[in-house]
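The structure is given below, and queries will be raised subsequently.
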Amino acid sequence: MEDPVLRSFSRAYEVATMPQDATRPDVRRHRLQGIGRFDSPGVLGLVSEFPGWSYPELVDPDADSDGLEPAHASLVALVRKPRMVVEYLVTRQRPPYVRGVFVADDSVDEALRQTEPKLHDAWRTSPSGDVSEEHAALAKAILDRIRANANNFSRDLRPKPKPAGQVRLPEFDRIMRALLGGSGTGERAPRPAPRPFKIMPGGRLESAPSGLIRLTGTASVEFSEHHQPSRADGDEVEVTLRYRFVEDDRSGDRVEMAVNAPPGFVADGNDTFRGRLRAGEVARFEYLSDEYSADWTGSLRVNAELRQGSDLPSAR
């Protein structure tokens, strides 16, 4: 308890093993739900410190020559009997940082031990010659839930932003007044042209058999009442469907999707499909994303554009 680095892990161990310590806002305790035939995988205790290491000032990462300071990362010690620390798991590398201890239940001790290499310094999540599929799936589910709970705790620690009505940006207000009031010459800005498309992205999250989640749904694209195709067989359009993470650590990362395009549309690369669309016709694109952890948040973006012969804007 006298060591400034280990003190936080000692506190987290107490939170995990003594529920009465988990009543303060700077701590969190989670008993993991059952996984397969394992009803009680273990308990996770999490702690933070304010002011302190959860909100560190800018520190040179190379300043620590001995490499023992667990700075600039959220860490969870993975523990199984007899109080053996298997690994310090990095769960997040953005502040505020948290420390935690996961104490594996006796019922999963032998299964987790079977996933460890000879050095007993990790829980392997991929089946191999000496790691069964059941034990690998158990280790993966436990680690995924540890990361999710630790990351949620870190996000909850962030200071809440001010209500929009209390935030004033004078220079932005001045620019917007100029834009909305005209060009500055007394003339009002021209109204934008009506959008030629109506788009319904659709979509819902569902649980995958692996315990992860995925996005599935149907996006529909049709011409709005403001646009009439220039040809009887319709105008040529491009439809793009992209699903990306919006979470801090993975913001912008693309999630692969399988897309079933409607008749007449062909893949044109870069998540884009090309085809002709008639007036009153609805093009429906069925999609299913790859599986990913529920810890991450994604955003689906559906875009439609006229390919030729028009200066009308796209719709999104």
Is a side-chain donor or acceptor of Ser10 paired with a backbone partner of Leu6 at a separation under 3.5 angstrom? yes

Member of Val86, Val131, Asp130, Thr125 meeting the side-chain contact (heavy atoms from CB on, under 4.5 Å) criterion with Thr115: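 The side-chain contact (heavy atoms from CB on, under 4.5 Å) with Thr115 is passed solely by Val131 among Val86, Val131, Asp130, Thr125.
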
What distance do Arg147 atom CZ and Leu89 atom CG have between them, rounded to the nearest 0.5 Å? 5.0 Å

Smallest heavy-atom separation, Val47 atom then Ser8 atom, equals CG2-O, 3.5 Å

Has the side chain of Arg124 got a donor or acceptor atom that lies under 3.5 Å from a matching backbone atom of Glu116?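 The answer is yes, because a donor-acceptor pair under 3.5 Å joins these two groups.
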
Taking the side chain as every heavy atom from C-beta outward, state whether Ser40 and Arg31 have any atom pair closer than 4.5 Å.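 Answer yes - side chains close enough.
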
Ser220 side, atom OG; Glu286 side, atom CD - distance, nearest 0.5 Å: 11.5 Å

Establish, yes or no, whether a centroid distance under 6.0 Å links the rings of Tyr88 and Phe9. yes

Any non-hydrogen side-chain atom of Val266 less than 4.5 Å from a side-chain atom of Arg274? yes

Can you tell whether the side chains of Glu291 and Arg214 come within less than 4.0 Å, N to carboxylate O?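 Here Glu291 pairs with Arg214 in a salt bridge, since their nearest N and O are under 4.0 Å apart.
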
If I compare all heavy atoms of Ala122 with all of Pro117, which pair ends up nearest, and what's the gap? O-CD, 3.4 Å

Let me see the working for Glu134 and Arg37 under side chain to side chain contact (heavy atoms under 4.5 Å, CB included), right down to the final yes or no. CA-CA 10 Å; Glu134 181 189 34; Arg37 63 183 178 89; 2.6 Å; yes

Quick test of your reading of the model: are Arg11 and Glu14 salt-bridged, counting only N-O distances below 4.0 Å? no

With rounding to the nearest 0.5 angstrom, report the CZ to CG distance, Arg242 to Asn303.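 Atom-to-atom, Arg242:CZ and Asn303:CG are 8.0 Å apart.
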
Contact summary for Ser74 and Val98, nearest pair of heavy atoms: OG-N, 3.0 Å

Is there a donor-acceptor pair under 3.5 Å between the side chain of Ser293 and the backbone N or O of Trp296? no

For the backbone of Ala104 and the side chain of Arg80, can you confirm whether one donor and one acceptor N or O come within less than 3.5 Å of each other?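 Judged by distance alone, no pair lies under 3.5 Å.
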
Under a 4.5 Å side-chain heavy-atom rule over Ile, Leu, Val, Met, Phe, Trp and Tyr, are Met200 and Leu300 clustered together? no

To the nearest 0.5 Å, how far apart are CG in Leu277 and CD in Glu236? 11.5 Å

Could you report the tightest heavy-atom contact between Gly34 and Pro41, atom names first, then the distance? CA-CD, 4.1 Å

Let me see the working for Val90 and Leu75 under side chain to side chain contact (heavy atoms under 4.5 Å, CB included), right down to the final yes or no. CA-CA 5 Å; Val90 176; Leu75 297 171; 3.5 Å; yes

Quick one: do Tyr13 and Val43 end up in the same hydrophobic cluster if we chain Ile, Leu, Val, Met, Phe, Trp and Tyr together by side-chain heavy atoms under 4.5 Å apart? no

I'd like to know if the side chain of Thr240 reaches the main chain of Thr272, judged simply by a donor and an acceptor atom lying under 3.5 Å from each other, with no hydrogens or angles considered.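 A pair under 3.5 Å: no.
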
Spell out, yes or no, whether Leu157 and Phe50 are grouped together once hydrophobic residues are joined by side-chain heavy atoms under 4.5 Å, including indirect joins.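 Yes, it is one cluster - the side chains of Leu157 and Phe50 are joined through contacts under 4.5 Å.
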
Side chains of Ile142 and Leu78: does their closest heavy-atom pair fall under 4.5 Å?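 Answer no - side chains too far apart.
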
Under 4.5 Å between any side-chain heavy atoms of Asn149 and Arg28, yes or no? no

Hey, could you give me the CD/NE2 distance between Gln228 and His226, rounded to the nearest 0.5 Å? 11.5 Å

Can Leu32 and Asp105 be said to form a side chain to side chain contact (heavy atoms under 4.5 Å, CB included), step by step? CA-CA 10 Å; Leu32 270 61; Asp105 190 79; over 6 Å; no

Listed by chain and number, what are the side-chain hydrogen bond (donor to acceptor under 3.5 Å, both in side chains) partners of Arg284, not counting sequence neighbours?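 Checked Arg284 against side-chain hydrogen bond (donor to acceptor under 3.5 Å, both in side chains); zero matches.
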
Donor on one side chain, acceptor on other, Thr216 and Glu206, under 3.5 Å: no

Steps toward salt bridge (charged side-chain N to carboxylate O under 4.0 Å, His left out) verdict (Glu110, Arg113): CA-CA 5 Å; Glu110 179 60 24; Arg113 188 186 70 81; 2.6 Å; yes

Sidechain N-carboxylate O distance under 4.0 Å for Asp235, Arg231: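 Arg231 and Asp235: not salt-bridged.
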
Applying a strict under-4.5 Å side-chain criterion to I, L, V, M, F, W and Y, I'd like to know whether Tyr292 and Leu288 cluster together. no

In Å, rounded to the nearest 0.5 Å, how long is the span from CZ of Arg145 to CD1 of Ile35?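 It comes to 4.0 Å.
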
Determine whether Phe223 and Val237 satisfy the following criterion, side chain to side chain contact (heavy atoms under 4.5 Å, CB included), listing intermediate values before the conclusion. CA-CA 10 Å; Phe223 284 125; Val237 301; 3.9 Å; yes

Measure the acute angle between the ring planes of Phe273 and Phe285, then classify it against the limits of 30° and 60° as parallel, tilted or perpendicular. tilted

Do Glu222 and Phe197 come close enough that some side-chain heavy atom pair is under 4.5 Å? no

Heavy-atom pair with the smallest gap, counting every atom of Tyr243 and Ser289: CD2-CB, 4.1 Å

Nearest heavy-atom contact between Ser154 and Pro96 is OG-O, 2.5 Å

Tell me, with the steps shown, if Asp268 and Arg307 meet salt bridge (charged side-chain N to carboxylate O under 4.0 Å, His left out). CA-CA 12 Å; Asp268 199 21; Arg307 274 185 60 90; 3.7 Å; yes

Taking Tyr287 as the starting point, is it possible to reach Ile213 by hopping between hydrophobic residues whose side chains are less than 4.5 Å apart?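 Yes; tracing contacts between hydrophobic side chains, which count when under 4.5 Å, links both residues.
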
Between Glu49 and Arg7, is the closest basic N to carboxylate O distance under 4.0 Å?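 A salt bridge is absent here (no side-chain N lies under 4.0 Å from a carboxylate O).
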
